There are 2 protein chains.
Amino acid sequence: MRGPETRTEIIGAADRLFYERGFEHTSFADIAEAVTIARGNFYYHFKSKDEILSAVIARRVAHTTALLERWARDNPTPRGRLSAFVGMLEVNGDAIMRYGCPVGTLTIELSKLLHGSRDQVVGLFDLFRDWLAEQFRALGRDADAQALALHLLMRSQGVATLYTAYRDRDFVIREMAMMESWIDEVAGTQPAATI
Amino acid sequence: MRGPETRTEIIGAADRLFYERGFEHTSFADIAEAVTIARGNFYYHFKSKDEILSAVIARRVAHTTALLERWARDNPTPRGRLSAFVGMLEVNGDAIMRYGCPVGTLTIELSKLLHGSRDQVVGLFDLFRDWLAEQFRALGRDADAQALALHLLMRSQGVATLYTAYRDRDFVIREMAMMESWIDEVAGTQPAATI
DNA sequence: CGCCAATTAGGTCAATCGGCCAAATAATTA
DNA sequence: TAATTATTTGGCCGATTGACCTAATTGGCG
């Protein structure tokens with residue numbers, strides 16, 4: 001009937017369920033129920049579960065690319081863009097508290113499964129890393145832009161994990177402030193308006 | 001034949017497999033094969049898989065407690081003890097690269113499963129957090145000892161996750177050095193001998 | 001109209017899952 | 001030695017998994 005729309009819905013539901021329950025713990029029946037289609041239908045769209053996973057990753061790549069472009073559009077300065085990244089921890093707070101970081105947790109799960117799509121997921125980290133490095137480069141840190149980007153990525157991963165563990169919002173707020181201070185240090189700028 | 005020894009072996013094998021493959025993805029058959037016993041045997045020792053999980057967590061609590069005591073024994077100064085914690089990232093490097101942090105990854109998995117033993121696992125984080133806070137307190141940071149402990153814990157989690165993703169040893173070495181510098185800052189001490 | 005992509009509902013399949021149990025065996029005690 | 005208890009075995013259970021298949025429809029479009 002709708003064709004590509006059903007396919008899109010399947011990918012969307014799988015994306016959400018893979019995040020909330022994990023890849024392995026999500027069954028075809030779960031996805032079918034979420035989309036309210038017949039079980040047999042997504043063998044018309046996908047030949048295997050791995051194929052759905054690849055489509056989910058592709059979707060995340062597209063969404064992440066769009067997110068980074070939006071951040072760049074909404075924030076003229078590199079410093080402001082870095083704050084947009086830090087702010088993600090608060091914007092997605094509830095989800096992170098329950099399910100952790102979508103990229104980090106999927107990377108870990110696929111690593112333990114020795115799953116072939118692992119590297120594709122790490123590609124999502126690359127998107128953030130390269131985008132962050134670009135901002136640090138714009139702030140005059142050409143030499144160590146990539147290392148600084150990885151450091152900020154590392155911090156967001158650590159905060160996300162401990163947020164899932166302790167569910168302590170104050171901890172997140174505190175660490176976000178520390179990340180902002182750190183950015184100010186390496187950028188050699190004055191602290192921005194109170195955040 | 002051996003009774004309690006078999007029970008201990010089951011817990012040990014389950015501990016390793018839960019770490020390497022994840023809790024859900026480890027079956028009774030996997031554990032039985034690792035211990036080379038009949039599958040039915042561990043229903044004599046454990047009534048359910050959750051019971052095995054509880055035993056595994058208890059084992060980890062005991063091992064972690066022993067580890068922290070060893071660190072305290074081998075390092076007379078609080079500063080040295082904090083370095084012992086940081087050094088864990090290198091000592092367990094290969095395992096972390098493949099399977100992530102045993103505590104963090106299990107916490108995430110059980111959180112997604114809404115599993116009842118989740119809080120028990122977070123108790124492992126408590127052990128590290130309290131031990132670290134004790135060291136910061138000994139360094140004169142009474143007021144924010146707990147926050148500093150959580151920050152260090154957060155960093156180790158972030159480094160572990162990105163190590164699993166990028167498998168870049170240089171990144172880990174670099175971040176460990178940054179952690180040492182940060183400790184020196186908050187401790188108000190001179191940098192220790194080159195690490 | 002007829003074509004054709006899309007969908008439905010259902011069943012089947014081998015494999016594996018956690019869970020369970022009666023019977024055999026080993027170890028201990030009387 | 002005989003009786004008792006502790007431990008282990010191997011097969012079986014119902015449920016679920018991913019995967020596959022078929023026949024019957026649906027509905028839009030040329």
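Keep in mind that what you see is a predicted model, and the values were worked out from it rather than measured. Naming convention: chains lettered A, B, ... in sequence-line order (proteins, then strands); numbering from 1 in each chain.
- Taking atom CZ of B:F46 as the reference point, atom P of C:dC20 lies 15 Å away to the nearest angstrom.
- Per the geometry, CD belonging to A:E33 stands 11 Å off P belonging to D:dT17, to the nearest Å.
- The neighbour count for A:E51 CD, taken as heavy atoms of other residues, nucleotides or ligands under 6.0 Å away, is above 12.
- Checked against a 6.0 Å centroid threshold, the rings of B:F28 and B:F42 count as neighbours.
- Here D:dT9 is the nucleotide among D:dA19, D:dT9, C:dC17 with the atom lying nearest to any side-chain atom of B:I37.
- Rounded to a whole Å, the CD atom of A:E9 is 14 Å from the C1' atom of C:dA6.
- With hydrogens and angles left out, the side chain of A:Y44 and the base of C:dA6 share no donor-acceptor pair within 3.5 Å.
- When rounded to the nearest whole Å, the span between CG of B:L17 and C1' of C:dC17 equals 16 Å.
- Spacing between atom CG of A:D30 and atom C1' of D:dG18 amounts to 13 Å, rounded to whole angstrom units.
- Ionic pairing of A:R16 and A:E20 is present here: one or more N-O contacts between side-chain nitrogen and carboxylate oxygen are shorter than 4.0 angstrom.
- Atom CZ in B:F42 sits roughly 12 Å away from atom C1' in C:dC17 (whole-Å rounding).
- Ion pairing between a basic and an acidic side chain is recognised when a charged N comes within 4.0 Å of a carboxylate O; A:E180 and A:R79 show such pairing.
- Picking from C:dG19, D:dT17, D:dT8 the nucleotide with the shortest atom distance to the side chain of B:K49 gives C:dG19.
- With respect to B:Y99, the ring pair (Phe, Tyr, Trp, His ring centres under 6.0 Å) criterion is satisfied by exactly one of B:F18, B:Y19, B:Y163: B:Y19.
- Remark: A:S27 engages A:D30 in a side chain to side chain donor-acceptor pair (under 3.5 Å) (not counting sequence neighbours).
- In this structure, CZ of A:F28 is placed 22 Å from P of D:dA15, rounded to the nearest angstrom.
- Within residues 18-27 of chain A, the residues approached by DNA chain D to less than 4.0 Å at the level of any non-hydrogen atom are A:T26, A:S27, in residue-number order.
- Atom-to-atom, CG of B:N41 to C1' of C:dG18 comes out at 16 Å; the value is rounded to the nearest Å.
- Contact annotation: B:T6 reaches the phosphate of D:dT8 (side-chain N/O to OP1 or OP2, under 4.0 Å).
- Nearest to the side-chain atoms of A:H45 among the listed nucleotides C:dG19, D:dT9, C:dT7 stands C:dT7.
- Between the side chains of B:S111 and B:R118, at least one donor N or O lies within less than 3.5 Å of an accepting N or O.
- Remark: B:Y43 is not in phosphate contact with C:dC20, judged by side-chain N or O atoms under 4.0 Å from OP1 or OP2.
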